[in-house]
Number of protein chains: 2
Amino acid sequence: MNTSLSGFIKEKRKQLKLTQPELAERTGVGLRFLRELEQGKQSVRVDKVNQVLALFGCELGVNKKIEV
Amino acid sequence: MNTSLSGFIKEKRKQLKLTQPELAERTGVGLRFLRELEQGKQSVRVDKVNQVLALFGCELGVNKKIEV
DNA sequence: CATATTTGTACCCTTTAGGGTATAAATATA
DNA sequence: TATATTTATACCCTAAAGGGTACAAATATG
């Protein structure tokens with residue numbers, strides 16, 4: 001999920017034809033945070049990520065690790 | 001997952017017969033952090049949570065929200 | 001029961017996440 | 001290609017995450 005979380009959000013955002021500022025505003029997170037999130041930053045807060053994912057009807061959950 | 005993340009970790013830890021200090025040391029996170037995590041704190045960092053989940057072969061990922 | 005072990009809560013302290021914002025780089029559009 | 005739009009990077013600043021630790025509450029064990 002290292003790459004997939006950021007990829008997932010970027011992809012979903014584009015599906016909704018939203019810009020980063022628009023998605024940030026709709027989800028109530030800061031623009032800088034959203035950009036770092038889409039950029040793959042790992043040290044982000046779970047609650048903030050969920051705040052964004054909620055717009056897509058998703059949330060963070062525990063998954064089996066798909067080890068190499 | 002609000003309750004399930006903390007519950008999952010606490011449950012997995014007990015399965016391995018580990019105390020909080022032991023799990024904290026094994027996963028390399030702080031004891032205070034692990035305790036807050038098991039206590040259901042939401043504003044925790046994704047990378048730190050994954051650090052713990054890795055011991056159980058798991059990680060955080062995007063899931064469909066199981067809304068009420 | 002008494003006692004040992006474990007867990008939860010409460011501090012202090014340092015680092016940093018995240019909000020805001022400006023600007024450069026990249027991309028899209030006319 | 002020139003121009004407008006979007007995105008990435010870089011700053012400042014404040015609130016708070018997380019490490020350490022001490023102790024009370026709860027739980028387990030003799």
Side-chain angles (χ1 to χ4, degrees):
Chain A
M1 91 118 188
N2 282 356
T3 58
S4 81
L5 176 59
S6 55
F8 178 84
I9 290 176
K10 183 173 278 189
E11 182 185 313
K12 280 287 181 181
R13 175 174 63 80
K14 301 215 162 167
Q15 281 177 16
L16 297 185
K17 305 253 188 246
L18 296 175
T19 63
Q20 289 175 341
E22 286 166 346
L23 180 58
E25 208 217 357
R26 284 216 199 177
T27 57
V29 301
L31 175 58
R32 198 195 41 66
F33 166 76
L34 182 64
R35 285 179 171 161
E36 286 179 336
L37 184 58
E38 288 197 357
Q39 223 58 26
K41 185 178 181 181
Q42 289 296 302
S43 54
V44 288
R45 275 166 46 179
V46 169
D47 59 339
K48 287 286 157 188
V49 175
N50 279 330
Q51 212 172 317
V52 176
L53 290 177
L55 192 77
F56 311 133
C58 299
E59 65 184 351
L60 288 180
V62 182
N63 294 138
K64 280 246 164 293
K65 204 165 185 177
I66 35 143
E67 209 48 273
V68 220
Chain B
M1 89 115 193
N2 282 356
T3 58
S4 83
L5 176 59
S6 55
F8 178 85
I9 289 175
K10 183 173 279 191
E11 183 184 313
K12 280 288 181 181
R13 176 174 64 79
K14 302 215 162 169
Q15 282 179 15
L16 298 185
K17 304 251 189 249
L18 295 175
T19 63
Q20 289 175 343
E22 287 167 345
L23 180 58
E25 207 216 358
R26 283 216 199 176
T27 56
V29 301
L31 175 58
R32 197 196 40 66
F33 166 77
L34 181 64
R35 285 177 172 163
E36 286 178 336
L37 183 59
E38 287 196 358
Q39 224 57 27
K41 185 177 182 181
Q42 290 296 303
S43 55
V44 289
R45 275 166 47 179
V46 169
D47 59 338
K48 288 286 157 188
V49 175
N50 279 330
Q51 213 173 316
V52 176
L53 291 177
L55 192 76
F56 310 132
C58 299
E59 64 185 351
L60 288 180
V62 182
N63 294 137
K64 280 245 165 293
K65 203 166 185 177
I66 37 147
E67 209 46 273
V68 219

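Note that the structure is a prediction, hence the values are computed from the model and not measured. Within every chain, numbering begins at 1; the chains are lettered A, B, ... in the order of the sequence lines, protein sequences first and strands thereafter.
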Worksheet, complete the sentence: Closest non-hydrogen atoms of B:Asn63 and A:Val62, given as atom of the first, atom of the second and distance, are OD1-N, 4.1 Å
Fill in: Between C1' of C:dA28 and NZ of A:Lys17, the distance in whole Å
13 Å
Worksheet item: Given atom CG of A:Leu37 and atom C1' of D:dT9, what is their separation to the nearest angstrom?
Response: 16 Å
Discussion item. Taking 4.0 Å as the cut-off, does a side-chain nitrogen or oxygen of B:Lys10 come that near to OP1 or OP2 on C:dG8?
Written reply: yes
Discussion item. Side chains of A:Leu16 and A:Leu55, heavy atoms from C-beta outward: is any pair under 4.5 Å?
Written reply: yes
Fill in: Joint hydrophobic cluster, B:Leu34 plus B:Phe8, side-chain heavy atoms closer than 4.5 Å
yes
Discussion item. How many whole angstroms separate atom CD of A:Gln20 from atom P of D:dT5?
Written reply: 16 Å
Fill in: Shortest non-hydrogen contact from A:Cys58 toward B:Lys64
SG-NZ, 4.1 Å
Worksheet item: In whole angstrom, what separates B:Leu23's CG from C:dT6's P?
Response: 14 Å
Fill in: Protein-nucleotide distance (B:Lys14, atom NZ; C:dT6, atom C1'), rounded to Å
9 Å
Worksheet item: Does B:Gln51 reach the main-chain N or O of B:Thr27 with its side chain, forming a donor-acceptor pair under 3.5 Å?
Response: yes
Worksheet, complete the sentence: Each nucleotide of nucleotides 10-26 of chain D classed B (base within 4.0 Å of a protein heavy atom), S (only sugar-phosphate) or -, in 5' to 3' order, makes BB-----SBBBBB----
Worksheet item: Same cluster for A:Leu5 and A:Leu18 if Ile/Leu/Val/Met/Phe/Trp/Tyr side chains link at under 4.5 Å?
Response: yes
Worksheet item: Tell me: CD of B:Gln39 to C1' of C:dT9, nearest whole Å?
Response: 9 Å
